[in-house]
Amino acid sequence: MGELKKKVALVLGSLPSVEEVDQFRLLTDAFEVQVISSESICGYLTQTSYFQDLTCVVLRDHDDNPTFLPSLEKVLSSFDIVIVKERLGLYAYQALKARWRHKFRLLVWVDNLVPFPAQDVDQMRTIRSEITNGADGFIVQSKAARSALELEGVHADRIMEMGVWVEPRLDRSPAGRAKARATLGLAEGELVISYMGQMEWEEGLADLAGAARLLIMREPTLKSKLRIIFCGVGTYAGELRDLFVNMGIDNCAVYYAPTRDSIRAIQQATDAMYISPIASHDRMEGDPYRMVSAMTQGIPVIAARHALVEEYCGKHRIDFCASSPISLAKAINKMRSNPSIVHDIVQKNLAEAARRFTPERVRASMLELMNRFVESTTTADLSSLDHRVLEIEAKVRSKQYIEAVDAIETVFKMDQVPVHHRANLYRLIGDCFAKLGDIDGAKDAYLHGADLDPYSPRVFIGLGTVGLMKNSNDIAVLHFQKAVSLAPDDEMANLGLGLAFQGMNELREASRWIVKALAINPENTAALYSLVRISHESENYGDAEKAIRRYLQVHPNDYNFIYTLGGILYKLGRFGDCLSLMKQILDADPRDKRAAALAKQASTEFEQQQNKLTSSNG
């Protein structure tokens, strides 16, 4: 058997360019690559990606914050290298929190060209700062992205370049374009300008609408010939539609959902691609794939001057002044009236793409990058602080609560303790105080942890546990619900929510969540006994019977649960089955008084049951 491939996780917390995912096909012979993302993003990839054997680990969309990926930390435990796209979302922070515990190598793929992004937003600034300090390395695809990191003080040795590859798959011959236009419902003589990407204001889409209006004002016949195609999703889509309606040119705008077929047809049919992102305080778009896709596939580009545009295609584009609809309208007219210039631009870009963006060249850059970190995984060591935190966790597990609190206080006296460690340490203090019976102290510690990291499921499990200890079951429900939303597959969060509902006498809800906890860990005996109690209170034994039978498949000689199952079968009137289980216990221990008593009762009831059957048949 060959050596097992190292596992690479590509964590996406926002909608990607599909080509950036497809590029990782170049690594499949050397690495096992998996995408980890939300349901909505994975659904988008199934509609657009050409990565035939792509494995997606699908995590729930989180209603409160779309950049949080529930259970991400748990999923990342099996990977050798984790690549996170960008560093402002909570998913990046989750990956950092998982890194020191699971000892994978964390790389951050940066295409934001703004230094110190989100400096004025507390949570994002904290995430970006922690990621910048804690990541093993940064992946960039442009000099502009490298410069942004260097301006933040990131050492050049931590920044690595990865090439860009887009697979050419278009037929832009006259026949191919005519076929694509027919597929899209476009006429041969129409002027088609296309935008592909996220539908956000920062992409300069209002300028494109304004330019279309100016063109039609100056040349009214264009109203029936100009088609502006939009293919993407985003928060600006509705407002953009309204803008075209308000300008009286809504017939010019055509919208397509992004799929493999629609993307290919639009690229094949269009006269030009529009690219003109606008800088914001937090972000300056530096994704090269739209540019490289156009260059590689022979599509003319209408693009304003921009760091990435300059770096990739230079002057080989139809230029205009950014944020100026007048200038953009002139650029579109220039494209219409100068076919020889357009042809020259396309040919020069094709030649540049053939030189720079080959699969062989890009794969070599990717392998060099990955192998650098694969080789270092065996020698990678945790920091001194990481070791101390692990030692404190070990003290808590071994019930050395006083010693653990003393050790945490010593750590807090250190300078520069990262926020994620501080939040975790406060959570551990809460666990210790709860075990020592100091409920108020535990609550205060958990609240400190929640202030530092409001997306830590363990903190809310702790607060929920405090609620249970105080018999404040309604408060416990709220905290455990928050924990379950953050970590749907955490057995303690689900069990705690079930116990809180049980305390409120909401037996159906209690059973539901305890059953889920047992689906995660069928051997959780506390959950099993809780489910049995609920079954007796509600006189609904089905879930308890199934759970105990599943447990006994793993532990066939656990006579306490064999006896418990027998008691359930007795309640269900299945006296023969109950008697059989009691005999199993008595064969192993004839002195078991509980089993003997239940066997006697079951035997009596079974005989009466059989007599009734005999008399009714007679």
Side-chain angles (χ1 to χ4, degrees), residues 11-22 35 37-49 61-69 85-86 88-92 109 111-114 117-118 121 124 193-212 227-247 249-250 252-263 265-267 270 273-291 293-294 302-304 306 308 322-323 325 328:
V11 180
L12 303 172
S14 58
L15 200 67
S17 296
V18 68
E19 293 88 356
E20 71 191 30
V21 175
D22 286 353
V35 165
S37 195
S38 63
E39 291 174 318
S40 54
I41 291 175
C42 290
Y44 169 80
L45 290 176
T46 62
Q47 297 294 316
T48 56
S49 175
D61 289 294
H62 189 64
D63 294 336
D64 293 342
N65 192 319
T67 73
F68 183 85
L69 296 176
K85 189 69 190 291
E86 289 304 343
L88 295 181
L90 282 163
Y91 61 93
W109 185 355
D111 66 23
N112 187 352
L113 309 186
V114 173
V121 182
M124 287 186 175
I193 309 298
S194 301
Y195 168 79
M196 308 185 77
Q198 294 196 44
M199 303 285 282
E200 304 294 346
W201 178 87
E202 290 83 1
E203 295 294 341
L205 303 184
D207 297 334
L208 187 53
R227 295 290 176 264
I228 309 295
I229 290 181
F230 296 98
C231 182
V233 294
T235 59
Y236 190 62
E239 193 174 335
L240 182 67
R241 288 175 185 267
D242 291 342
L243 182 59
F244 273 90
V245 170
N246 293 336
M247 288 183 175
I249 56 171
D250 53 302
C252 295
V254 187
Y255 305 91
Y256 293 95
T259 66
R260 278 181 291 273
D261 292 340
S262 65
I263 291 171
I266 292 166
Q267 290 175 332
T270 194
M273 282 290 173
Y274 170 76
I275 301 173
S276 184
I278 300 170
S280 67
H281 183 64
D282 296 329
R283 179 156 186 82
M284 179 59 177
E285 180 63 46
D287 173 3
Y289 287 91
R290 285 183 293 174
M291 180 64 62
S293 181
I302 299 175
H306 174 278
L308 200 72
S323 302
L328 177 54

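These numbers come from a predicted model, not from an experiment.
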A.B. asks: Write down the atom of V114, the atom of S280, and the distance for their closest heavy-atom approach.
C.D. replies: CG2-O, 4.0 Å
A.B. asks: Give the minimum heavy-atom separation between E285 and P277, together with the two atoms involved.
C.D. replies: CB-CB, 3.7 Å
A.B. asks: Do I302 and I275 have side chains that get closer than 4.5 Å, going by heavy atoms?
C.D. replies: no
A.B. asks: Applying side chain to side chain donor-acceptor pair (under 3.5 Å) as the test, list every pair that has at least one member in residues 199-210; sequence neighbours left out.
C.D. replies: E200-T235, E203-R290
A.B. asks: Going from CG on L15 to OH on Y44, what distance comes out if it is rounded to the nearest 0.5 angstrom?
C.D. replies: 5.0 Å
A.B. asks: Can you check whether Q267 reaches M273 side chain to side chain, under 4.5 Å on heavy atoms?
C.D. replies: yes
A.B. asks: For F230, check ring-ring contact (aromatic ring centres under 6.0 Å, His included) against everything at least two apart and list the hits.
C.D. replies: F244, Y255
A.B. asks: So, taking the atom named CG in D287 and the one named NZ in K85, what distance separates them when rounded to the nearest 0.5 Å?
C.D. replies: 5.5 Å
A.B. asks: Run the side chain to side chain contact (heavy atoms under 4.5 Å, CB included) test on S37 and V11 for me, step by step, so that the C-alpha distance in whole Å, both residues' side-chain angles and the decisive distance to 0.1 Å come before the verdict.
C.D. replies: CA-CA 6 Å; S37 195; V11 180; over 6 Å; no
A.B. asks: In sequence, state the C-alpha distance, the side-chain angles, and the governing distance for L88 and T67, and then conclude on side chain to side chain contact (heavy atoms under 4.5 Å, CB included).
C.D. replies: CA-CA 9 Å; L88 295 181; T67 73; over 6 Å; no
A.B. asks: Please check if the side chain of H306 supplies one atom and the backbone of A322 the other of a donor-acceptor pair under 3.5 Å.
C.D. replies: no
A.B. asks: Which heavy atom in P325 sits nearest to a heavy atom in S323, and how many Å separate them?
C.D. replies: CD-O, 3.7 Å
A.B. asks: Less than 4.5 Å apart, any side-chain heavy atom of L12 and any of E20?
C.D. replies: yes
A.B. asks: Taking NZ, NE, NH1 and NH2 as the nitrogens, is one of them in D111 or R283 under 4.0 Å from a carboxylate oxygen of the other?
C.D. replies: yes
A.B. asks: Using 0.5 Å steps for rounding, measure from the OG atom of S276 to the CG atom of L208.
C.D. replies: 9.5 Å
A.B. asks: Ignoring hydrogens and angles, tell me if any N or O in the side chain of T259 forms a donor-acceptor pair with the backbone of T48 under 3.5 Å.
C.D. replies: no
A.B. asks: Starting at OG of S17, measure out to CE of M196 and round the result to the nearest 0.5 Å.
C.D. replies: 10.5 Å
A.B. asks: Check V18 against L45 and note the closest heavy-atom contact, atom names and distance.
C.D. replies: CG2-CD2, 4.3 Å
A.B. asks: Do NZ/NE/NH1/NH2 and the carboxylate oxygens of E239 and R241 come within less than 4.0 Å?
C.D. replies: no
A.B. asks: In Å, rounded to the nearest 0.5 Å, how long is the span from CD1 of I228 to CD1 of I193?
C.D. replies: 6.0 Å
A.B. asks: Could you list the residues that satisfy ring-ring contact (aromatic ring centres under 6.0 Å, His included) with H62, not counting sequence neighbours?
C.D. replies: F68
A.B. asks: Supply the atom-to-atom distance I266 CD1 to S194 OG, rounded to the nearest 0.5 angstrom.
C.D. replies: 6.0 Å
A.B. asks: Mark yes or no for whether D61, through its side chain, and I41, through its backbone, hold a donor-acceptor pair below 3.5 Å.
C.D. replies: no
A.B. asks: Is a side-chain donor or acceptor of Y91 paired with a backbone partner of S14 at a separation under 3.5 angstrom?
C.D. replies: no
A.B. asks: P258 and V233: which non-hydrogen atoms are nearest, and at how many Å?
C.D. replies: CD-CG1, 4.2 Å
A.B. asks: Do side-chain atoms of S262 reach the backbone of A257 as a donor and acceptor pair under 3.5 angstrom?
C.D. replies: yes
A.B. asks: Could you go through L205 and Y236, starting from their C-alpha distance and side-chain angles, then the distance that decides it, and tell me whether this counts as side chain to side chain contact (heavy atoms under 4.5 Å, CB included)?
C.D. replies: CA-CA 9 Å; L205 303 184; Y236 190 62; 4.1 Å; yes
A.B. asks: Is the backbone N or O of A118 less than 3.5 Å from a side-chain atom of D282, with the two atoms forming a donor-acceptor pair by type?
C.D. replies: yes
A.B. asks: Minimum heavy-atom separation for G204 to Y274, with atom names?
C.D. replies: O-OH, 2.8 Å
